[in-house]
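Step one of this worksheet: look at the structure below.
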Amino acid sequence: MLWTVHQELPFDQRLELVAEAGYHAAQLVNEYKDWSKEDFARARRKKDALGITFDATSGINGSLCDPAQRQSTLREIQAHLPFLEELQSTRLILLSGNRVENMSHEQLHAACVETIKAAADLAAAKNIELLIENIDPEENPKYFLTSVAEGFKVIREVNRPNVRFLYDFFHEQIAEGNLIEKLEKNIDLIGLVHVADVPGRHEPGTGEINYSNIFRKLRELNYRGNIAMEFVPTGDTAASLVAARELTMAA
């Protein structure tokens with residue numbers, strides 16, 4: 001996730017740092033929202049020169065679980081799809097949004113499913129995969145989809161081939177824990193994993209999550225997706241990125 005890499009530097013330099021650390025993909029969060037056509041073209045040239053892809057993007061603000069926002073959220077997603085085409089990216093990360101006052105949990109769950117189904121149809125027309133992400137309740141006490149277990153239930157109910165789950169280990173460790181068992185039970189629904197340690201959102205090995213075991217389990221389960229680093233380095237960024245990448249391979 002490029003937001004963790006020296007935000008004070010120009011975009012091209014940040015990509016260079018990621019490539020020098022041995023990574024072949026970057027994920028974006030609206031870094032491109034004010035870009036011109038030439039800016040997009042320049043970014044494409046740079047990523048191609050570095051051998052990097054833009055694996056996924058994020059930046060949709062609309063709610064998935066609020067029925068009153070459904071149409072505006074779908075319009076926002078529709079308007080965002082051309083950005084993915086400019087970036088030559090095929091995956092869009094979506095957040096559930098906050099709980100809605102006077103709606104039961106069951107109603108919010110059902111609304112989330114219905115909005116994702118409609119979003120999936122829009123995305124499928126452009127060959128885009130949607131990734132639904134969990135956020136822990138300490139970071140956002142109002143957020144709806146704090147549970148990975150419920151997230152997997154949502155994905156199964158949506159039942160669209162272009163909708164998968166983004167399993168963020170950092171958020172789930174804070175929310176509920178029991179990380180590896182959920183991998184084993186739901187590996188077929190996982191399109192992406194995000195990595196940071198608890199506490200502090202720092203690099204693997206600085207906190208309580210045993211990432212060596214998690215990376216080993218991903219290998220055993222034949223996970224073929226990307227392992228995305230979304231941590232704030234405690235020391236040198238390049239060295240931290242290299243060490244985290246090497247840990248995934250050593251497991």
Side-chain angles (χ1 to χ4, degrees), residues 1-19 23-48 50 52-66 69-98 112 115-116 119-120 122-123 126-136 139-140 142-145 162-168 170-171 191-196 201 226 228-233 237 241:
M1 291 293 283
L2 201 63
W3 74 263
T4 66
V5 178
H6 287 292
Q7 293 189 29
E8 75 280 4
L9 294 178
F11 184 83
D12 285 6
Q13 291 183 32
R14 297 163 74 194
L15 280 187
E16 289 171 0
L17 192 154
V18 168
Y23 288 79
H24 59 82
Q27 296 172 3
L28 308 180
V29 186
N30 254 348
E31 286 89 348
Y32 47 85
K33 65 180 179 179
D34 296 321
W35 282 4
S36 66
K37 295 286 283 188
E38 177 52 36
D39 291 330
F40 280 109
R42 187 182 305 111
R44 290 194 299 271
R45 291 193 296 268
K46 188 63 177 182
K47 76 174 180 62
D48 291 344
L50 294 172
I52 279 183
T53 63
F54 295 135
D55 174 57
T57 70
S58 183
I60 300 298
N61 296 314
S63 171
L64 301 177
C65 65
D66 184 353
Q69 291 190 43
R70 180 170 297 148
Q71 293 309 312
S72 61
T73 298
L74 294 175
R75 286 193 296 270
E76 185 182 5
I77 292 170
Q78 184 77 71
H80 204 89
L81 296 179
F83 294 151
L84 275 72
E85 186 173 3
E86 290 277 9
L87 294 165
Q88 298 175 328
S89 181
T90 60
R91 305 205 291 175
L92 178 62
I93 298 168
L94 298 179
L95 303 177
S96 74
N98 294 340
C112 195
T115 304
I116 295 171
L122 293 177
K126 296 293 186 179
N127 296 314
I128 298 297
E129 180 177 74
L130 302 180
L131 297 165
I132 312 303
E133 184 175 9
N134 59 299
I135 302 291
D136 71 84
E139 179 167 309
N140 182 358
K142 298 180 180 180
Y143 191 74
F144 170 65
L145 196 58
N162 66 325
V163 179
R164 307 190 78 190
F165 195 69
L166 193 172
Y167 192 161
D168 189 308
F170 168 81
H171 287 304
L192 180 65
V193 297
H194 275 182
V195 168
R201 191 188 274 280
N226 280 342
M229 303 302 168
E230 195 181 16
F231 61 77
V232 178
T237 298
L241 286 171

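Note that the numbering runs from 1 along the sequence shown for the chain.
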Check step by step if side-chain contact (heavy atoms from CB on, under 4.5 Å) holds for Leu192 and Arg91.
CA-CA 10 Å; Leu192 180 65; Arg91 305 205 291 175; 3.7 Å; yes
Give the intermediate values and the outcome of side-chain contact (heavy atoms from CB on, under 4.5 Å) for residues Leu17 and Arg14.
CA-CA 5 Å; Leu17 192 154; Arg14 297 163 74 194; 5.7 Å; no
Does the side-chain contact (heavy atoms from CB on, under 4.5 Å) test come out yes or no for Leu74 and Arg70, once each step is laid out?
CA-CA 6 Å; Leu74 294 175; Arg70 180 170 297 148; 4.0 Å; yes
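Shortest non-hydrogen contact noted between Asn30 and Gly59 is ND2-O, 3.3 Å. Across every non-hydrogen atom of Ala26 and Leu15, the tightest pair is CB-CD2, 4.0 Å. Nearest heavy atom pair, residue Glu16 against residue Leu50, reads N-CD1, 3.8 Å. Closest of all the heavy-atom pairs between Asn162 and Ala120 is ND2-O, 3.0 Å. Gly97 and Cys65 make their closest contact through O-SG, 4.0 Å (heavy atoms, listed as atom of the first residue, atom of the second, distance). Nearest heavy-atom pair across Ala25 and Asn226 is CB-ND2, 3.9 Å.
Screening Leu122, Leu81, Ile77 for a side-chain contact (heavy atoms from CB on, under 4.5 Å) involving Ile128 leaves a single residue, Leu81. Paired with Tyr32 under the rule ring-ring contact (aromatic ring centres under 6.0 Å, His included), one option of Phe83, Phe11, Phe54 passes, and it is Phe83.
Using a 4.5 Å heavy-atom threshold, the side chains of Phe170 and Asn134 count as separate. Looking at heavy atoms from C-beta onward, Arg201 lies out of side-chain contact with Thr4 at the 4.5 angstrom threshold. The shortest side-chain heavy-atom distance between Thr90 and Glu129 does not fall under the 4.5 Å cut-off. Annotation: side chain of Gln88 is not in contact with side chain of Thr53 (no heavy-atom distance under 4.5 Å). Under the 4.5 Å side-chain criterion, counting only non-hydrogen atoms from C-beta, Glu31 is in contact with Leu2. For the pair Arg42 and Lys46, the minimum side-chain heavy-atom distance is 4.5 Å or more. Contact of the His6 side chain with the Gln13 side chain is not registered, since no non-hydrogen atoms from C-beta on lie closer than 4.5 Å. Side chains of Leu95 and Tyr143 form a contact here, defined as non-hydrogen atoms less than 4.5 Å apart.
No donor-acceptor distance shorter than 3.5 angstrom exists from the side chain of Ser63 to the backbone of Gln69, with no hydrogens or angles considered. Judged by distance alone, the side chain of Tyr23 and the main-chain N or O of Met229 form no donor-acceptor pair under 3.5 Å. When atom types are taken as modelled, the side chain of His171 and the backbone of Ile135 share no donor-acceptor pair closer than 3.5 angstrom.
Remark: His80 NE2 to Asn61 CG distance equals 9.5 Å, nearest 0.5 Å. The distance from the CD1 atom of Ile132 to the CG atom of Leu145 is 8.5 Å, given to the nearest 0.5 Å. Remark: Asp34 CG to Asp39 CG distance equals 9.5 Å, nearest 0.5 Å. Taking CD1 of Ile93 as the start and CG of Leu131 as the end, the distance is 6.0 Å to the nearest 0.5 Å. To the nearest 0.5 Å, atom CZ of residue Arg44 and atom CD of residue Glu86 are 5.0 Å apart. Once rounded to the nearest 0.5 Å, the distance linking CG of Leu28 with NZ of Lys33 reads 13.5 Å.
Of the N and O atoms on the side chains of Glu230 and Trp3, at least one donor lies less than 3.5 Å from an acceptor on the other residue.
For the side-chain hydrogen bond (donor to acceptor under 3.5 Å, both in side chains) test, no residue two or more places apart in sequence or in another chain qualifies with Trp35.
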